[in-house]
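Inspection log for the structure reproduced underneath, given as structure tokens.
Every number for a ligand or one of its atoms is a count from 1 in the order of the listing. Note: hydrogens, waters and symmetry copies are ignored here, and every other heavy atom, side chains too, is used.
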Amino acid sequence: MKNDCVFCAIAEAEIPSFKVYEDELVLAYLDINPFTKGHTLVIPKVHSTGLLDTSDETLAAVLARVKKIAAHLKKALPCDGFNILQNNGAAAGQTVMHLHFHIVPRYGQEEITFVSHTGDMKALKALAEQLRF
Ligand code: 5GP
Ligand code: ZN
């Protein structure tokens with residue numbers, strides 16, 4: 001493997017994948033351990049680690065492909081909606097350090113949730129003031 005990156009190896013067909021879509025910029029294939037039926041990964045063929053080290057131009061182009069592939073999946077599968085997920089860093093659950101967007105078709109029965117907490121308005125106001133730029 002050229003740079004020890006599994007998704008680069010998939011992009012170069014050194015490792016097989018269940019391909020759904022391919023063009024000059026991206027490859028999309030089924031996730032090997034799907035959350036739901038049709039769970040698809042979209043990767044740029046050129047390696048970057050995540051959102052922050054990818055150029056705005058590449059990101060915009062990849063996201064346009066994510067939209068096109070999601071629209072296709074929504075037509076081709078009996079799903080009612082879908083999630084787009086893009087993890088950055090191990091703390092966020094990223095396990096493969098090559099930029100990828102998950103398209104997760106949703107059928108209404110799955111339990112895939114982020115747990116939210118009731119917001120403390122004072123703390124939220126202070127945090128927004130700290131973070132605003
Ligand atoms: P992450 O947690 O990094 O956002 O997601 C990585 C995803 O890649 C996981 O959902 C995992 O199942 C998938 N994955 C890891 N290795 C392979 C592989 O070799 N082939 C495919 N198709 N998916 C993989
Ligand atoms: Zn890579």
Side-chain angles (χ1 to χ4, degrees):
M1 219 184 294
K2 196 175 61 183
N3 58 357
D4 268 348
C5 174
V6 175
F7 285 1
C8 280
I10 288 176
E12 307 210 344
E14 290 169 12
I15 292 179
S17 66
F18 297 111
K19 184 166 76 180
V20 171
Y21 175 85
E22 181 172 17
D23 64 24
E24 71 292 350
L25 180 75
V26 306
L27 181 64
Y29 47 94
L30 295 180
D31 194 296
I32 204 165
N33 293 125
F35 286 135
T36 66
K37 183 178 177 183
H39 179 174
T40 297
L41 301 173
V42 184
I43 64 164
K45 289 182 171 176
V46 173
H47 182 90
S48 59
T49 304
L51 195 77
L52 299 183
D53 66 336
T54 306
S55 71
D56 289 357
E57 192 189 18
T58 298
L59 269 180
V62 173
L63 198 56
R65 267 47 165 220
V66 170
K67 178 181 176 183
K68 177 187 172 114
I69 297 160
H72 171 75
L73 293 177
K74 193 156 183 292
K75 268 197 202 141
L77 293 166
C79 59
D80 296 320
F82 56 88
N83 295 104
I84 301 298
L85 184 66
Q86 197 276 306
N87 297 328
N88 293 275
Q94 186 177 10
T95 58
V96 179
M97 298 301 161
H98 179 128
L99 175 71
H100 55 280
F101 288 83
H102 299 253
I103 304 173
V104 184
R106 299 299 295 268
Y107 302 86
Q109 308 298 332
E110 313 81 20
E111 298 216 1
I112 307 170
T113 50
F114 283 98
V115 179
S116 65
H117 309 278
T118 306
D120 172 336
M121 294 304 138
K122 221 173 132 194
L124 290 174
K125 180 172 186 285
L127 185 60
E129 277 160 15
Q130 181 195 328
L131 297 178
R132 191 170 300 128
F133 70 108

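For atom 24 (C) of ligand 1, the choice among Thr95, Val104, Ile32 with the nearest heavy atom turns out to be Ile32.
At a threshold of 4.5 Å between non-hydrogen side-chain atoms, the residues Thr49 and His47 count as touching.
With a heavy-atom cut-off of 4.0 Å, Phe35 does not touch ligand 1 at all. At a heavy-atom distance under 4.0 Å, only side-chain atoms of Val6, from C-beta outward, approach ligand 1. Using a 4.0 Å cut-off between heavy atoms, His100 contacts ligand 1 through its side chain alone, with no backbone atom that close. Contacts between Asn87 and ligand 1, counted as non-hydrogen atom pairs separated by less than 4.0 Å, involve the side chain only. Residue contacts with ligand 1 for Phe18 are absent, since no atom lies close enough (heavy atoms, distance under 4.0 Å).
Although no hydrogens or angles enter the test, the distance criterion places a donor-acceptor pair under 3.5 Å between the side chain of Thr40 and the main chain of Gly38. Panel note: side chain Asn83, backbone Leu85; no donor-acceptor pair is recorded below 3.5 Å. Not one N or O on the side chain of Tyr21 forms a donor-acceptor pair closer than 3.5 Å with the backbone of His72. At distances below 3.5 Å, not a single donor-acceptor pair connects side-chain atoms of Lys37 with backbone N or O atoms of Pro105. The closest donor-acceptor contact from the side chain of Ser48 to the backbone of Asp53 lies at 3.5 Å or more, if one exists at all. Checked by atom type and distance alone, the side chain of Asn88 pairs as donor or acceptor with a backbone atom of Leu51 at under 3.5 Å.
Within the structure, the closest approach of Leu85 to ligand 1 does not fall below 4.0 Å when heavy atoms are considered. At least one heavy atom of Gly93 sits less than 4.0 Å from an atom of ligand 1. At least one heavy atom of His102 sits less than 4.0 Å from an atom of ligand 1.
The shortest contact between atom 16 (N) of ligand 1 and any protein heavy atom is with Phe7 CE1, 4.2 Å. The protein non-hydrogen atom at the shortest distance from atom 18 (C) of ligand 1 is Ile10 CD1, 3.9 Å. The closest protein non-hydrogen atom to atom 22 (N) of ligand 1 is Leu30 O, 2.9 Å. For atom 15 (C) of ligand 1, the nearest non-hydrogen atom of the protein is Val96 CG2, 3.9 Å. Residue, atom and distance of the protein heavy atom nearest to atom 10 (O) of ligand 1 are Asp31 OD2, 2.5 Å.
Atom CD1 in Ile69 sits 11.0 Å away from atom CZ in Phe101 (nearest 0.5 Å).
In the hydrophobic clustering of ILVMFWY residues, with side-chain heavy atoms under 4.5 Å counting as a link, Ile84 and Tyr29 come out apart. Put simply, Phe82 and Phe35 are part of two different groups of oily side chains (I, L, V, M, F, W, Y) that touch within less than 4.5 Å, one to the next. In this structure, Val96 is a member of the same hydrophobic cluster as Leu41, with clusters built from ILVMFWY side-chain heavy atoms closer than 4.5 Å.
Here Cys5 contributes SG and His98 contributes ND1, and at the Zn ion (ligand 2) these two atoms make an angle of 110°, given to 10°.
Ligand-side atoms of ligand 1 in range of Asn33: 12 (O), range being under 4.0 angstrom from any heavy atom.
Checked against the Zn ion (ligand 2), the N, O or S atom of His47 at the shortest distance is ND1.
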